[in-house]
Amino acid sequence: MRQYISILGVALALVAGGCGDDDNNTTTDTKVSDTAVNDTGGDTVTPDTVTPDTVQPDTLQPDTLQPDTIETDTTITDTSDEDTNVTDTVEDTGPTDTEGDTTADTEGDTEGDTTADTEGDTADTSGGLTPAEISAQITAIRGGTLGDIDGAWVTYVKAALGSDPAGFFIQAEANGPALFVKVDPDTLTPIPVVGDAVSFTATGYSDDTSGSDGQGRIEVNALSDFTVDSSGHDVSTLVQDVTAATDLVDALDSYESELVTATVTLDADLGFAGSGFLSANASTTGVSGSSNLKLRVPDIDTALTMGCVVDFGPAPVWRYFAQAQLSAVSMDDYEIVSCPAPELASASALSATEVELVFSREIDPASVNPDGSDFTLDNGATVSAASVDGMSVTLTTSTLGDGSYTVMVGPAVTDTLGAAVATTANTATFMGPQPAPAIVISEIMARSQSGGDSGEYVELHNTTDAAISLAGCVITDGNGDLVEAATLSGVTISAGGYALFVKATDDFSGITSDGLFKSGTSLVNGGEVLTLTCDFGGGAAVVDTTSSYASGTLPVGRSIQKDPGAAGDYAGPSDPLGANWCFTPAEDTYKYFDGTPNAKYGTPRAANIACE
């Protein structure tokens with residue numbers, strides 16, 4: 001490392017009336033007029049030709065945080081008996097030195113150094129490079145030319161999570177460029193942390209666009225000669241607010257890996273976004289309605305739904321091919337500003353004395369009285385207890401008959417953000433307990449393939465020995481109607497038979513479907529509630545409803561099937577994550593499609609498998 005020495009003064013004023021030369025020379029200094037420095041004791045007078053600042057080269061890092069301040073130059077005492085090549089360039093205000101200089105020697109610095117040294121002091125880079133020069137190094141590597149990085153700042157450290165690799169991000173200027181270093185920080189010595197200025201040689205590089213590695217990101221995947229040159233830098237000076245940026249998607253190359261903040265609104269509910277993550281289409285004031293702008297969060301967050309407003313960052317822009325992903329590794333990387341009021345999505349009788357309510361958002365347990373007094377039932381039924389588990393509330397009730405009931409939620413019940421249940425969606429009607437459900441939601445294909453899910457389907461099964469018309473029925477999900485009443489009105493399920501409703505007829509060669517999903521809808525990979533509601537003449541009531549069918553880990557191309565049970569009545573709980581549901585095995589016996597991009601396994605419109 002180099003050190004700067006800033007020199008403001010080059011002459012040490014001697015006391016009035018003269019003083020002796022303290023270098024033990026025998027010649028006495030004589031007094032002359034104070035008009036110039038005239039060495040008469042042997043100094044060879046030669047013009048100053050030495051390059052400025054050559055005594056100790058500048059090695060301080062450019063300081064991008066604060067402008068340079070003027071500092072007083074430190075005095076350097078000339079220890080030689082006689083100057084041989086240096087001419088004093090400052091007028092002497094004291095006696096003339098006739099033998100040997102005792103004043104500070106400028107060592108050829110003809111600039112005078114009356115201001116702070118600006119040769120490399122704008123960002124404190126260890127290699128003596130300016131931020132622009134470091135950015136040029138990053139640009140070169142992004143272009144495929146491996147080489148050195150000298151003093152870039154670490155802006156974010158990414159721990160391995162799900163399918164995402166560990167690594168860290170570097171940047172030198174607020175407008176980028178930036179670079180993801182796909183090297184586990186824990187394998188480096190010292191371990192880099194945010195605010196470190198680091199130097200290394202990039203020895204491996206990827207700009208993969210095939211999906212096998214970098215998912216379109218430009219990455220350094222190997223390095224050598226890693227050092228941490230300094231620490232504690234304030235990376236907030238590098239943050240860009242991209243809320244109003246109109247080119248965040250179209251010019252993704254110029255934003256990739258850069259440290260940003262943004263305020264976004266979710267355009268859909270969260271869905272699967274790689275192991276460990278959920279994501280949803282999002283809009284900003286600059287970009288609206290693009291399927292390539294995503295908010296991506298860890299799959300432990302169930303509070304986010306369509307319509308939520310989120311402050312993201314500061315964190316880097318993550319890239320998945322053409323998608324600009326505002327990707328959080330932890331819930332500390334974003335803050336929920338607001339969300340739509342929670343709604344009561346469905347109610348169903350679990351038994352003669354238990355009713356499960358499912359809401360659109362996570363309910364705050366502290367807002368629900370354990371005695372159940374926040375909930376009321378009609379037809380003479382009462383509630384004596386209530387317990388909360390995420391988005392569901394289980395009520396303990398008086399004994400229910402086999403008729404229909406309506407439950408109402410009180411105004412004190414709120415979500416985890418404190419929003420009360422919407423008064424327009426605080427009631428639900430359900431059927432009392434039945435010996436066995438007449439029609440069940442028996443199979444779900446929510447993630448039929450990667451890169452698009454045209455092969456999605458929902459299967460219904462008639463468990464009775466008589467045909468049942470679906471006139472007056474509708475299938476809903478978290479976004480409303482999934483299969484409209486008009487579609488089901490002409491469908492009749494034969495005794496013990498099946499009905500199949502699909503997103504598109506692709507991938508179903510030789511398999512008859514009974515209807516299509518509502519235009520523009522699809523199943524959410526990250527999980528949602530499906531409900532079959534029918535009006536068989538006594539008013540609309542829930543016939544069957546599932547709990548959320550996935551936890552963000554749906555296998556591609558495999559359906560979820562309900563176990564028919566030993567009696568073949570499909571009477572087990574409608575919980576796709578429970579013991580009586582299972583993923584279809586990836587075995588040839590259950591393969592109904594063998595095309596691209598992947599094979600599909602399930603038993604659409606056929607008897608279900610027995611779950612082990």
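- With sequence neighbours excluded, no residue forms a side chain to side chain donor-acceptor pair (under 3.5 Å) with Glu356.
- Residue pairs meeting the ring pair (Phe, Tyr, Trp, His ring centres under 6.0 Å) criterion with at least one member in residues 481-507, sequence neighbours excluded: His461-Tyr498.
- Proximity of Pro573 to Asn580: side-chain heavy atoms (C-beta onward) are separated by under 4.5 Å at one or more points.
- Asn369 CG: more than 12 foreign heavy atoms inside a 6.0 Å radius.
- A heavy-atom distance below 4.5 Å is not found between the side chains of Asp374 and Val393.
- Of the possible polar contacts, one joining the Asp563 side chain to the Cys611 backbone as a donor-acceptor pair under 3.5 Å is found.
- In this structure, the separation between CZ on Phe277 and CG on Leu161 is 4.0 Å, given to the nearest 0.5 Å.
- For Phe180, the ring pair (Phe, Tyr, Trp, His ring centres under 6.0 Å) partners are Phe169, Trp318, not counting sequence neighbours.
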Using residues 321-341 as the side-chain source, report each donor-acceptor pair under 3.5 Å to any protein atom, sequence neighbours left out, with the distance given to one decimal.
from   : atom 1 : to     : atom 2 : distance (Å)
Gln323 : OE1    : Gln325 : NE2    : 2.9
Ser327 : OG     : Arg296 : NH1    : 3.1
Ser330 : OG     : Asp332 : N      : 3.2
Asp333 : OD2    : Tyr156 : OH     : 2.5
Asp333 : OD2    : Val329 : N      : 2.9
Asp333 : OD2    : Ser330 : N      : 3.3
Tyr334 : OH     : Asp301 : OD2    : 2.3

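- Note on residues 592-601: pairs passing salt bridge (charged side-chain N to carboxylate O under 4.0 Å, His left out), not counting sequence neighbours, are Asp507-Lys600, Lys591-Asp594.
- Every residue meeting the side chain to side chain donor-acceptor pair (under 3.5 Å) condition with Thr263, not counting sequence neighbours, appears here in chain and number order: Asp311.
- Enclosure of atom OH in Tyr320 is not indicated, since only 12 or fewer non-hydrogen atoms of other residues, nucleotides or ligands lie within 6.0 angstrom.
- Contact of the Val556 side chain with the Arg447 side chain is registered, since non-hydrogen atoms from C-beta on lie closer than 4.5 Å.
- No hydrogens or angles considered: a donor-acceptor pair under 3.5 Å links the side chains of Ser373 and Asp371.
- Ionic pairing of Arg319 and Asp253 is present here: one or more N-O contacts between side-chain nitrogen and carboxylate oxygen are shorter than 4.0 angstrom.
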